[in-house]
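Structure record follows, encoded as structure tokens.
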Amino acid sequence: MRRAAALFAAALLASATAPALAEPPPAPDRPLTDPAQEARARALFGDIRCVVCQHESIADSPAGIAADLRGLVREQIAAGKTDAQIKDDLIRRYGDYVLFQPPVRIGTWLLWFGPFALAAGAGVVLVLRARRRETAEAAPLTPEEERALAALTGDDEKA
């Protein structure tokens with residue numbers, strides 16, 4: 001009974017303190033004053049993956065790190081950096097995975113072309129196995145095998 005009461009008290013304490021341990025909401029975004037720069041920033045937001053959510057762009061993610069990345073992109077645009085420089089900086093910090101379309105280079109060849117190579121390899125294996133089955137013909141039965149077959153099937157006329 002004491003154990004159940006202790007577990008209940010621990011669960012009650014955990015549920016009471018859980019909101020205090022949650023991530024605080026991110027600060028509201030501060031758009032750039034230049035509409036052309038803000039439009040460029042929003043276009044970049046759609047190309048950058050949230051490193052926490054991993055399936056959302058930073059434009060759609062409510063995570064705090066996504067808000068930080070949006071602020072970083074805006075700062076770099078205001079500083080006069082190009083889109084390529086901004087993406088290179090993010091890749092340097094977080095790796096190729098931070099972009100929804102990682103660059104094609106030696107390190108990412110497997111990522112880009114691996115699925116096609118795997119499918120082509122599986123197709124070659126299937127074609128070779130199908131050809132091997134077609135060429136393998138059954139040898140005719142020997143007289144002893146014909147007699148054994150006739151005995152098994154009850155067809156004594158052939159024996």
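These numbers were taken from a predicted model, which means no experiment stands behind them.
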Open item on the list: Evaluate Ile65 against Tyr94 for side-chain contact (heavy atoms from CB on, under 4.5 Å), listing each step before the verdict.
Closed with: CA-CA 12 Å; Ile65 187 76; Tyr94 300 104; 4.0 Å; yes
Rounded distance (nearest 0.5 Å) linking atom [atom1] of [X] with atom [atom2] of [Y]:
| X | Y | atom1 | atom2 | value |
| --- | --- | --- | --- | --- |
| Gln101 | Asp47 | CD | CG | 7.0 Å |
| Arg74 | Gln37 | CZ | CD | 11.0 Å |
| Asp88 | Thr82 | CG | OG1 | 7.5 Å |
| Ile48 | Ile86 | CD1 | CD1 | 7.5 Å |
| Leu90 | Leu69 | CG | CG | 6.0 Å |

Open item on the list: Taking side chain to side chain contact (heavy atoms under 4.5 Å, CB included) as the definition, give me every residue that meets it alongside Thr142, ordered by chain and number, with sequence neighbours left out.
Closed with: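 Expected list: Glu144, Glu145.
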Open item on the list: Leu44 vs Ile77, test: side-chain contact (heavy atoms from CB on, under 4.5 Å). Steps then yes/no.
Closed with: CA-CA 10 Å; Leu44 274 174; Ile77 287 175; 4.1 Å; yes
Could you tell me whether the side chain of [Y] reaches within less than 4.5 Å of the side chain of [X], counting heavy atoms only?
| X | Y | value |
| --- | --- | --- |
| Arg105 | Asp96 | yes |
| Pro62 | Glu56 | yes |
| Tyr97 | Pro102 | no |
| Arg93 | Asp89 | yes |
| Ile91 | Pro103 | yes |

Task: Ser61 side chain to Ser57 backbone, donor-acceptor under 3.5 Å - done: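 Absent.
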Task: Donor-acceptor contact below 3.5 Å, side chain Arg70 vs main chain Phe45 - done: no
Task: Partner residues of Trp112 under the ring pair (Phe, Tyr, Trp, His ring centres under 6.0 Å) criterion, sequence neighbours left out - done: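 Per chain and number, Trp112 pairs via ring pair (Phe, Tyr, Trp, His ring centres under 6.0 Å) with no residue.
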Task: Arg40: partners by salt bridge (charged side-chain N to carboxylate O under 4.0 Å, His left out), with sequence neighbours left out - done: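 Arg40 satisfies salt bridge (charged side-chain N to carboxylate O under 4.0 Å, His left out) with Asp83 only.
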Task: Over 12 non-hydrogen atoms of neighbours within 6.0 angstrom of CZ in Phe100 - done: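 Yes, enclosed.
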